[in-house]
2 protein chains.
Amino acid sequence: MTEATQTRRAELLDIAAKLFAERGFKNTTVRDIADAAGILSGSLYHHFDSKEAMVDELLDSFQNALWEEYDAIEASDRTPKEKLEAVVHASFDAIDQHHSEVAIFQTDAAYLSGFDRFAYLQERNVRFRDLWTGLLRDGVTAGELRADLDVELVYRFLRDTVWVAVRWYRPGGDLTPTQVADQYLHILLEGISQ
Amino acid sequence: MTEATQTRRAELLDIAAKLFAERGFKNTTVRDIADAAGILSGSLYHHFDSKEAMVDELLDSFQNALWEEYDAIEASDRTPKEKLEAVVHASFDAIDQHHSEVAIFQTDAAYLSGFDRFAYLQERNVRFRDLWTGLLRDGVTAGELRADLDVELVYRFLRDTVWVAVRWYRPGGDLTPTQVADQYLHILLEGISQ
DNA sequence: ACAGATACCAAGCAAGTGCTTGGTAGGTTA
DNA sequence: TAACCTACCAAGCACTTGCTTGGTATCTGT
């Protein structure tokens, strides 16, 4: 595979990612992607097996990159609360650096995970749940978090509140992912009451 | 319009609402709706002008009901913090009682608001933003909320974190909307730190 | 008994969907 | 220079989409 091929493929995949993120997977046609790339829809099939294969490649590589970071944090030598903070920071970094992929995951994972090909998405969800609820429970045990927390309920809030930020966060805007993560953690840990 | 007509229409609209909520507006076909109702797709057009008219009716009536409550809270005689709590409670009640409509709004509002017919959705969003940011600013002024809050950032967190609960909350499950709202407010106001 | 309304069916159309096929121009390698 | 490869085009196929048309069975009020 030559370098030019790699480049063109990556270019097309990037165009597709942005369209999928904007309009959703099902609402984006192969003609939309081809138009944005300045070619005909049939020509896409020289580079990719199918429309599904495109989104699969996007989600799979993003998930692998994300979980490398999560695994490193989980295995590191920190307190539960510090790990929680690190995971939040890593997640906002992902929203910043893999914005389209996160948006696609948020919008279309439920729909896609119904297909065999995307079964790994559900497995990832389970791992994510185990990671968060484990950290929360450890934090309570270590006395870093309040003992009266409903861990399952808090987990759902955390999971959704972190990832839903992809809907309004714009990479390259006023706020860095670090700033957003810090503000978020401040609210989450200390509350907004005076 | 006889009572039977009203009933059948409402029945069909309810079936459509559940399908739209589950799979999204664009991913639900008129044949899906008709199948679920046990009729042919063409027969739907005896009751409704179009697929768009169905979702329009659902979203419009839901939004009107919700804003009646919001307006009453805003006009009531309470402190900003109490109003904030009341609005959160009203929102979780809406998730409980108008589950499908909230889910449709969450999933498809961005797509639908691109059409002239659904321009009112954007106007509602502006009003919602004004309501929340106003309450937050009043709360800071009144000394009920921390003075160092980035109101715009906190607003985005609140808006999304409340409504995203529709993804996991199930009406008739273990938790009442009041319980969820109380837990949520506890986390939001006091934080999870020990 | 009959006129109208209601709720539906049977058939199908035009537009749009993902994808396939057979081909070509231009570059690279042997 | 011949063989091959990359990136694309032009045309179209099989299918799905929202919606339309003309008709029928059943009920209700007069």
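Residue numbers begin at 1 in each chain, while the letters A, B, ... track the order of the sequences.
As a whole-Å value, the separation of B/Met54 CE from D/dC19 C1' is 11 Å. Rounded to whole Å, atom P of C/dG18 lies 9 Å from atom NZ of B/Lys26. Rounded to a whole Å, the CG atom of A/Asn27 is 10 Å from the P atom of C/dG18. Between the NE2 atom of A/His47 and the C1' atom of D/dT6 there is a distance of 8 Å, rounded to whole Å. Atom C1' of nucleotide D/dT17 and atom NZ of B/Lys51 are separated by 8 Å, given to the nearest angstrom. Look at CG on B/Leu19: it is 16 Å from C1' on D/dT17, rounded to the nearest Å. Between the OH atom of A/Tyr45 and the C1' atom of D/dG12 there is a distance of 14 Å, given to the nearest Å. Atom CD in B/Glu11 sits roughly 11 Å away from atom P in C/dA7 (whole-Å rounding).
The aromatic rings of B/Tyr120 and B/Phe118 are tilted relative to each other, their planes meeting at an angle between 30° and 60°. Note on ring orientation: taking the six-membered ring where Trp is involved, the planes of B/Trp163 and B/Phe62 are perpendicular (angle over 60°, cut-offs 30° and 60°). In this pair, A/Phe157 and B/Phe92 present their aromatic rings perpendicular. The plane angle is above 60°, beyond the 30 to 60° band.
Within residues 32-43 of chain A, the residues approached by DNA chain C to less than 4.0 Å at the level of any non-hydrogen atom are A/Ser41, A/Gly42, in residue-number order.
Judged by the 6.0 Å and 45° rule, B/Arg127 forms a cation-pi pair with B/Trp67.
Under 4.0 angstrom from either OP1 or OP2 of C/dC19 there lies no side-chain N or O belonging to A/Arg31. One finds no side-chain N or O of A/His46 lying less than 4.0 angstrom from the OP1 or OP2 phosphate oxygen of D/dC8.
Looking at heavy atoms from C-beta onward, A/Asn27 lies in side-chain contact with B/Tyr111 at the 4.5 angstrom threshold.
Remark: the A/Ser76 side chain and the A/Arg78 side chain contain an N/O donor-acceptor pair separated by less than 3.5 Å.
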